[in-house]
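Before any comments, here is the structure.
Chain identifiers are assigned alphabetically (A, B, ...) following the order of the sequence lines, protein sequences preceding nucleic acid strands; residue numbering begins at 1 within each chain.
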2 protein chains.
Amino acid sequence: MSSDGFLLPLRLFVGFRQLIDGVHAELAREGHPELRPLHGFVFQAIGRDGTTAVDLGKRLGVSKQAAGKTLDGLERLGYVERSTDPHDARRKLVRLTDRGVEVLTRSAQIFDELRAEWAARIGADRLDELERDLVTVTGAEAFRLDVPGWFGG
Amino acid sequence: MSSDGFLLPLRLFVGFRQLIDGVHAELAREGHPELRPLHGFVFQAIGRDGTTAVDLGKRLGVSKQAAGKTLDGLERLGYVERSTDPHDARRKLVRLTDRGVEVLTRSAQIFDELRAEWAARIGADRLDELERDLVTVTGAEAFRLDVPGWFGG
DNA sequence: TAAGATGGTCAACGTGGTTGTCCAAAACGT
DNA sequence: ACGTTTTGGACAACCACGTTGACCATCTTA
């Protein structure tokens with residue numbers, strides 16, 4: 001029956017990867033070749049309001065240390081900046097720089113474009129259905145950022 | 001306008017991850033707690049006929065060294081064994097052990113079961129459609145094993 | 001005020017991937 | 001046949017990311 005059970009996860013992943021690669025190929029073309037798939041999710045988790053390393057770790061399902069390290073990299077690349085919280089000397093607020101916000105904005109646009117391409121290929125209604133079915137099946141589950149460690153380590 | 005473009009990749013990934021986690025949770029219960037998501041794909045790439053490190057690397061889209069390292073780990077865990085090729089003293093044939101074949105077999109069964117659960121939830125026809133649409137959109141693309149490096153590194 | 005919780009950083013370690021280098025064995029070409 | 005590639009494997013160095021454990025400064029709370 002139906003099809004081989006191996007196919008489903010494979011196809012889901014290939015779809016995921018193509019979208020992510022599509023966005024990063026375009027971002028690279030627009031002057032952000034250093035960004036990795038990982039970073040896009042970090043940007044989104046930081047959001048326009050900013051966060052702290054601990055909070056970021058919680059949102060992404062990794063340790064505060066791991067979140068801190070990723071932030072270090074992003075800071076070095078100029079996408080993020082840290083400042084001390086005037087109300088709490090322990091906290092360091094993390095904010096996207098203008099460059100960071102730009103990436104966030106462009107990513108959203110490019111994802112929308114890619115989605116539109118998919119819609120053009122299989123039909124907008126089918127794509128909506130696909131997405132809806134996926135939500136039905138997977139439920140409300142948060143995205144975990146520990147992909148490298150999860151998959152391999 | 002339909003939905004947020006961010007949702008699509010997220011949902012695809014969550015679906016992928018749930019299936020993979022489902023399989024590995026069950027495998028862990030059945031005596032294979034050391035296996036990582038990565039390994040499942042390696043098992044499948046090795047197949048019942050076996051391969052070599054170089055060939056495995058090609059199939060999975062990683063360097064022969066990376067493939068070799070992964071094989072080292074699997075060998076240490078007793079899922080794989082190497083033997084010299086009688087016709088070519090350079091080659092080392094890699095084969096699944098009985099334990100390895102067992103995992104491969106069970107994985108396929110569990111994937112089928114999980115797929116059946118999905119079918120029960122959204123309908124078998126919808127799931128078939130979903131899979132078909134995914135194939136239409138993503139085309140015939142091979143799975144790359146370099147997920148850790150791809151995502152994060 | 002003393003005790004506890006919280007935010008951040010450093011260090012050590014493990015896994016995975018990459019490139020570069022080397023060697024032995026097979027394949028090839030003249 | 002013999003010298004020259006090519007090929008399979010292994011080793012080393014290096015980078016990215018994840019984890020846990022420890023430590024300190026600061027805020028909270030009893």
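Nucleic acid contact for B:R144: none, since no nucleic acid atom lies under 4.0 Å from a heavy atom of the residue.
Nearest-nucleotide positions on DNA chain D for B:R91 and A:L38 put B:R91 closer to the 5' end. With DNA chain C read from its 5' end, the first of the two nearest nucleotides for B:P148 and B:H87 is the one closest to B:P148.
Regarding B:R36, its CZ atom lies at a distance of 13 Å from the P atom of C:dG17, rounded to whole Å. What separates CG of A:D85 from P of D:dC27 is a distance of 9 Å, to the nearest Å. For B:D146 and D:dC17, the CG to P distance is 14 Å, given to the nearest whole Å. Taking atom CZ of A:F41 as the reference point, atom C1' of D:dC17 lies 16 Å away to the nearest angstrom. Going from atom CD of A:E34 over to atom P of D:dC17 covers 12 Å, rounded to whole Å. Atom CG of A:D88 and atom C1' of C:dT6 are 8 Å apart (whole Å).
Within the 3.5 Å criterion, the main-chain N or O of A:L93 finds no donor-acceptor partner in the side chain of A:D85.
Out of C:dA26, D:dC27, D:dA10, the shortest distance to the side chain of A:R90 is found at D:dC27.
B:W118 and A:D133 form no side-chain donor-acceptor contact under 3.5 Å, judged by distance and modelled atom types alone. With 3.5 Å as the limit, one finds no donor-acceptor pair spanning the side chains of B:R36 and B:T70.
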List the atom pairs, donor and acceptor, that lie under 3.5 Å between side-chain atoms in residues 8-18 of chain A and the rest of the protein, sequence neighbours left out.
unit_1, atom_1, unit_2, atom_2, d
A:R11, NH1, B:T138, OG1, 2.6
A:R11, NH1, B:G139, O, 2.7
A:R11, NH2, B:G139, O, 3.3
A:R17, NH1, B:D146, OD1, 3.1
A:R17, NH2, B:D146, OD1, 3.2
A:Q18, NE2, B:T138, O, 2.8
A:Q18, NE2, B:E141, OE1, 3.3

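Salt bridge A:D55/A:R59: present, at least one basic N to carboxylate O contact under 4.0 Å.
Of the residues in residues 43-81 of chain A, A:T52, A:A53, A:V54, A:K64, A:Q65, A:K69 come within less than 4.0 Å of DNA chain C through at least one heavy atom, sorted by number.
For the side-chain hydrogen bond (donor to acceptor under 3.5 Å, both in side chains) with A:H32, the qualifying choice from A:E102, A:H39, A:E26 is A:E102, the only one to do so.
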